[in-house]
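The structure appears right after this line, and notes come after that.
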There are 2 protein chains.
Amino acid sequence: MTTQEQEFELLGFFKALADENRLKIIGLLAQQPRSVEELSAVIGLGMSTTSHHLARLAKAGLVSARTDRHYYIYSLHTDTLKDMSQRLLQDEQIRQLSEPASSDAYDQKVLSSFLDGEGRVKTFPAQDKKLQVILRYVVKAFEPGQRYPEKQVNEILLRFNEDTAFLRRSLIEYRLMGREGGGGAYWRIDPD
Amino acid sequence: MTTQEQEFELLGFFKALADENRLKIIGLLAQQPRSVEELSAVIGLGMSTTSHHLARLAKAGLVSARTDRHYYIYSLHTDTLKDMSQRLLQDEQIRQLSEPASSDAYDQKVLSSFLDGEGRVKTFPAQDKKLQVILRYVVKAFEPGQRYPEKQVNEILLRFNEDTAFLRRSLIEYRLMGREGGGGAYWRIDPD
DNA sequence: AAATCATTTCTATAGTTATCGAAATATTAT
DNA sequence: ATAATATTTCGATAACTATAGAAATGATTT
């Protein structure tokens with residue numbers, strides 16, 4: 001089962017139960033199976049409306065009907081209800097509600113705001129979170145595992161902005177690059 | 001907590017989660033707390049819309065915000081989610097979703113269809129379920145605990161319909177009255 | 001086969017809600 | 001204080017859904 005299907009299933013489950021009259025139906029069917037006519041009389045709705053609600057509940061796998069004499073007798077699928085609520089108790093199920101990949105949408109938005117057409121940094125964002133997006137973008141100009149003297153670092157950073165000192169300092173501060181105190185060698189720190 | 005409040009709370013819970021984008025928000029906040037701006041960028045909605053969704057989730061007690069720097073950081077209340085889903089696992093919670101008293105609405109509807117203005121039975125319904133409603137109505141004319149000879153039973157039943165034999169037989173069949181084989185004594189069986 | 005009855009499907013309408021853009025509010029930085 | 005920025009509130013619109021009544025379908029009895 002894919003993440004999207006999971007989400008859809010859970011969404012259908014919640015939508016099915018997000019109605020006052022459908023909750024009442026669930027409650028009545030939990031007591032005993034009942035016909036459409038009986039249900040609509042008890043909760044005070046037209047039979048077509050009740051039928052509609054039952055169809056939605058059935059689509060979510062919460063009820064089903066068997067035919068008995070003149071009547072369609074609907075009954076509750078308690079196990080579906082319990083399966084779903086138990087799934088909610090599992091942390092992983094909740095975390096997977098949003099596709100993990102889509103997280104760069106935010107980065108894209110920040111980048112398009114603060115970069116010009118040639119990929120240079122127009123201005124530096126004041127907020128940490130946005131600045132980090134910019135820095136993660138800039139640091140890709142360095143090869144992982146390679147060591148750079150300060151002079152070369154400045155040359156590379158100059159492609160992004162005049163203020164190489166600020167960039168250099170920030171890259172160190174946010175632990176995207178490392179620096180060796182003595183010889184002035186820099187290197188890119190791998191993201192983990 | 002009254003039954004109505006319970007239902008309302010559960011209804012609010014389901015309504016809060018019955019939206020695709022709110023489910024995504026829940027998923028994102030399960031990974032880590034985030035700001036409105038970040039959330040709206042990632043799921044691709046306007047910030048006002050995202051704010052609206054967050055407000056609904058907060059109303060249901062599912063998220064809350066703390067302020068940090070420029071941002072309002074929203075985080076997930078995992079315990080609310082778990083409380084609710086555990087409540088669903090308890091059978092009593094589900095049965096109480098509909099007020100128990102309201103079950104006579106159906107009876108009322110059946111009675112008004114098959115009784116005339118004086119409380120007499122116009123015709124006998126063909127369906128078991130409806131016939132039972134009529135019989136439960138008729139049997140109230142007998143005092144619990146008292147014994148009636150057949151002749152008196154017929155007199156009483158005559159107030160409801162000419163066909164006293166059918167009524168008598170049905171009352172026995174559906175175990176609303178008992179009969180003593182020998183002397184022909186009848187009595188009303190208490191509902192349990 | 002015809003008749004009766006329960007249920008569903010169809011059609012239309014009213015109420016609710018998701019959405020966005022603009023204006024207002026709140027918070028932090030200068 | 002003033003400016004900058006993030007968030008919420010407001011107003012309007014579009015999409016969705018609950019609802020009822022009428023017509024169609026399906027099932028049961030005679």
Side-chain angles (χ1 to χ4, degrees), chain A residues 11-12 14-25 33-60 63-75 106 109-110 113-114 122-131 133, chain B residues 11-12 14-25 33-60 63-75 106 109-110 113-114 123-131:
Chain A
L11 181 59
F14 286 126
K15 281 189 159 183
L17 295 175
D19 179 89
E20 186 178 351
N21 288 321
R22 283 198 290 271
L23 277 188
K24 281 185 187 171
I25 290 176
R34 292 170 201 262
S35 68
V36 180
E37 183 176 35
E38 190 176 354
L39 286 170
S40 53
V42 173
I43 61 182
L45 289 178
M47 285 195 293
S48 63
T49 305
T50 307
S51 178
H52 167 241
H53 285 313
L54 286 167
R56 291 206 60 164
L57 290 172
K59 198 173 163 194
V63 305
S64 68
R66 71 183 160 78
T67 148
D68 175 67
R69 301 292 208 84
H70 268 293
Y71 296 92
Y72 286 28
I73 305 292
Y74 277 89
S75 47
Y106 176 68
K109 190 189 166 192
V110 172
S113 305
F114 289 91
K122 290 189 292 194
T123 62
F124 289 106
Q127 281 75 36
D128 281 356
K129 216 171 274 190
K130 293 178 181 175
L131 179 58
V133 174
Chain B
L11 181 60
F14 286 126
K15 280 190 159 182
L17 295 174
D19 180 89
E20 186 177 351
N21 289 320
R22 283 199 289 272
L23 277 188
K24 282 185 185 169
I25 290 176
R34 293 169 200 263
S35 68
V36 180
E37 182 176 34
E38 190 176 354
L39 286 170
S40 53
V42 172
I43 61 182
L45 289 179
M47 285 195 292
S48 62
T49 306
T50 306
S51 178
H52 167 240
H53 285 314
L54 286 167
R56 291 207 60 164
L57 290 172
K59 199 173 163 193
V63 304
S64 68
R66 70 182 161 76
T67 148
D68 175 68
R69 302 292 209 82
H70 267 291
Y71 297 93
Y72 286 28
I73 304 293
Y74 276 88
S75 45
Y106 175 68
K109 191 187 165 194
V110 172
S113 306
F114 290 90
T123 62
F124 289 106
Q127 280 76 37
D128 282 358
K129 218 171 271 190
K130 294 178 180 175
L131 179 57

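Labels below follow one simple rule: chain letters A, B, ... track the order of the sequence lines, proteins then strands, and each chain is numbered from 1.
- Between dT28(C) and Y72(B), no contact under 4.0 Å exists linking OP1 or OP2 to a side-chain N or O.
- Rounded to a whole Å, the CG atom of L131(B) is 14 Å from the P atom of dC5(C).
- Listed by chain and residue number, nothing satisfies the side chain to side chain contact (heavy atoms under 4.5 Å, CB included) test with S113(B) (two or more places apart in sequence, or in another chain).
- Which of dC20(C), dA18(D), dG26(D) sits closest to the side chain of L45(B) comes down to dC20(C).
- Put simply, the side chain of S51(B) never gets that close to the backbone of M47(B): no donor and acceptor are under 3.5 Å apart.
- Note: CD1 (I43(A)) to C1' (dA20(D)) measures 14 Å, nearest angstrom.
- Taking every heavy atom of both residues into account, V63(B) and L54(B) meet most closely at CG2-O, 3.8 Å.
- Looking at residues two or more places apart in sequence or on another chain, you find a side chain to side chain contact (heavy atoms under 4.5 Å, CB included) between K130(A) and Y106(A), V110(A), F114(A), P125(A), Q127(A), E37(B), Y71(B).
- Applying the side chain to side chain contact (heavy atoms under 4.5 Å, CB included) criterion to K59(A), with sequence neighbours excluded, gives no partner residue.
- Within residues 48-58 of chain A, the residues having any heavy atom under 4.0 Å from DNA chain D are, by residue number, S48(A), T49(A), H52(A), H53(A), R56(A).
- The CZ-C1' distance, from R66(B) to dA26(C), rounds to 17 Å in whole Å.
- Atoms NZ and OG, on K129(A) and S35(B) in that order, are 4.0 Å from each other to the nearest 0.5 Å.
- Rounded to the nearest 0.5 Å, atoms CG (L45(B)) and OG1 (T50(B)) are 5.0 Å apart.
- Taking CG from D19(B) and NE2 from H53(B), the interatomic distance works out to 4.5 Å, rounded to the nearest 0.5 Å.
- Atom CD1 of residue I73(B) and atom CG of residue L39(B) lie 9.0 Å apart, to the nearest 0.5 angstrom.
- To the nearest 0.5 Å, atom CZ of residue R22(B) and atom CD1 of residue I43(B) are 10.5 Å apart.
- Between the CD atom of E37(A) and the C1' atom of dT8(C) there is a distance of 14 Å, given to the nearest Å.
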Pairwise N/O distances under 3.5 Å, protein to nucleotides 14-16 of chain C:
none

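- When each of K130(B) and D19(B) is assigned the nucleotide of DNA chain C with its nearest heavy atom, K130(B) is the one assigned upstream, toward the 5' end.
- Here dT17(D) presents its C1' atom at 17 Å from CD of E20(B), a figure rounded to the nearest Å.
- Residues L23(A) and F14(B) form a side-chain contact, since some pair of their non-hydrogen atoms from C-beta on lies under 4.5 Å apart.
- When rounded to the nearest whole Å, the span between CD of E38(A) and P of dT7(C) equals 10 Å.
- Summarising the geometry, the separation between NZ on K24(B) and C1' on dA18(C) is reported as 14 Å, rounded to the nearest angstrom.
- When rounded to the nearest whole Å, the span between CG of L11(B) and P of dA18(D) equals 11 Å.
- For the OP1/OP2 pair of dA6(D) and a distance below 4.0 Å, the side-chain nitrogens and oxygens of Y74(B) include no atom meeting the criterion.
- Within the model, atoms CG of L57(A) and OG of S64(A) stand 11.5 Å from one another, a figure rounded to the nearest 0.5 Å.
- Over its full length, the helix from dA1(C)-dT30(D) to dT30(C)-dA1(D) turns its helical axis through 40°, comparing axes from the five pairs at each end and rounding to 10°.
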